[in-house]
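First up is the structure itself, then whatever we jot down about it.
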2 protein chains.
Amino acid sequence: MTRAELDFSLLLAGAARLMRHSFMANLRDSPLTLARARMLIHLERNEGIRQVDLAELLEIQPMTLVRMVDQLASEGLVERRTDPADRRAHRLYLTDAARPQLDIIAETAAAVREKALVGLDEAERAQLTAALQRVCRNLSDG
Amino acid sequence: MTRAELDFSLLLAGAARLMRHSFMANLRDSPLTLARARMLIHLERNEGIRQVDLAELLEIQPMTLVRMVDQLASEGLVERRTDPADRRAHRLYLTDAARPQLDIIAETAAAVREKALVGLDEAERAQLTAALQRVCRNLSDG
DNA sequence: ACGTTATAATCAGCACATCTTATTATCACT
DNA sequence: AGTGATAATAAGATGTGCTGATTATAACGT
């Protein structure tokens with residue numbers, strides 16, 4: 001661990017990079033990536049959401065979401081249905097094929113979390129979670 | 001903050017993404033990015049390092065580093081010199097033009113850190129840093 | 001001394017996540 | 001009916017990473 005790693009930005013970026021490696025290693029045989037998993041999870045909790053609203057939830061640009069939906073749709077995990085009340089809009093739904101993928105995501109996330117948090121007790125884990133949530137809030141506004 | 005954000009992997013990835021946005025916003029008029037900044041910082045502390053060794057330090061593939069060195073060299077921030085003792089190898093050096101960039105990096109990192117850590121006292125910041133370092137160690141091995 | 005193997009860098013080509021700018025269809029409001 | 005906003009998308013770019021193949025050089029074993 002060099003001194004450079006002590007800087008917060010690099011430390012956070014490094015942790016995220018390592019976590020993503022770990023996540024991907026657990027998903028080697030799956031069409032999923034962390035970003036796609038993130039999208040599926042949000043979709044599970046917000047089925048029927050419009051693309052523009054999901055993009056805002058994920059804090060990405062609508063066009064970025066279009067591409068991700070294209071991929072997930074081509075893999076048969078997500079379905080676009082035109083909104084009957086607004087023919088400009090598409091509403092997004094998970095397919096049956098997506099359900100087992102969501103289970104895999106949950107297992108993978110649990111495995112990565114356990115590996116990442118080895119040596120931290122419950123209180124420390126709660127503190128870390130709370131601190132990261134605070135960081136997200138701080139960086140989100142403005 | 002949805003329930004999905006509570007999952008550790010997504011929370012960490014989200015925090016890193018927001019941090020990177022913030023970092024980039026602070027560097028809008030610069031040729032630097034977070035990855036390039038990371039490389040320059042490691043280079044500052046290890047001038048004359050060979051590419052393969054820097055790649056290992058950064059935990060990226062040598063080819064990935066070649067591209068980054070190409071970019072930084074084309075911007076005049078980094079210089080390749082052939083190793084007199086091993087004509088296969090290049091040793092990397094910062095140019096004078098890189099020094100002010102390193103100052104900018106330090107300022108940007110400080111600004112981002114302050115924005116990210118608003119509302120956390122010194123003890124909480126130290127805990128967060130320690131926890132993230134532990135996470136990095138945990139995810140690094142294996 | 002020579003041949004094999006390992007190493008350093010690079011070429012070529014790809015994948016993913018992300019952006020910006022512009023376009024099209026549709027909606028909402030006046 | 002006309003104007004402006006909105007939803008999705010097209011087109012094209014960038015940044016960050018990968019794998020596999022290639023070239024030059026070094027190191028080692030016999």
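Computed from a predicted model, the values in this text were never measured in an experiment.
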Are side-chain N/O atoms of Gln101(A) and Arg36(A) paired as donor and acceptor at under 3.5 Å?
no
Would you mind checking if [Y] and [X] are paired as a salt bridge, meaning a charged N to carboxylate O distance below 4.0 Å?
X         : Y         : value
Asp7(A)   : Arg113(B) : yes
Arg67(B)  : Asp70(B)  : no
Arg125(B) : Glu114(B) : yes

Do other residues, nucleotides or ligands put more than 12 heavy atoms under 6.0 Å from Asp96(B) CG?
no
Around Glu56(B), counting heavy atoms of other residues, nucleotides and ligands shown, do more than 12 lie under 6.0 Å from its CD?
no
Is any side-chain heavy atom of [X] closer than 4.5 Å to a side-chain heavy atom of [Y]?
X         : Y         : result
Glu124(A) : Asp121(A) : yes
Leu54(B)  : Met39(B)  : yes
Val69(A)  : Arg80(A)  : yes

In whole Å, what is the span from the [atom1] atom of [X] to the [atom2] atom of [N]?
X        : N       : atom1 : atom2 : result
Arg28(B) : dC19(C) : CZ    : P     : 15 Å
Leu27(B) : dG15(D) : CG    : C1'   : 14 Å
Phe23(B) : dG15(D) : CZ    : P     : 14 Å
Asp83(A) : dC27(C) : CG    : P     : 9 Å

Tell me the bend of the helix from dA1(C)-dT30(D) to dT30(C)-dA1(D) as the angle between end helix axes, each from five pairs, rounded to the nearest 10 degrees.
10°
Apply salt bridge (charged side-chain N to carboxylate O under 4.0 Å, His left out) to residues Glu47(A) and Arg99(A) and explain how you reach the verdict.
CA-CA 13 Å; Glu47(A) 258 195 287; Arg99(A) 313 293 168 182; 3.5 Å; yes
Let me have a per-nucleotide readout for nucleotides 3-8 of chain D, 5' to 3', with B, S or -, counting only protein heavy atoms under 4.0 Å.
--BBSS
With 3.5 Å as the limit, what N/O pairs link the protein to nucleotides 14-18 of chain C?
unit_1	atom_1	unit_2	atom_2	d
dA17(C)	OP1	Thr33(A)	OG1	2.1
dA17(C)	OP2	Arg36(A)	NH1	2.7
dT18(C)	O4	Arg67(A)	NH1	3.0

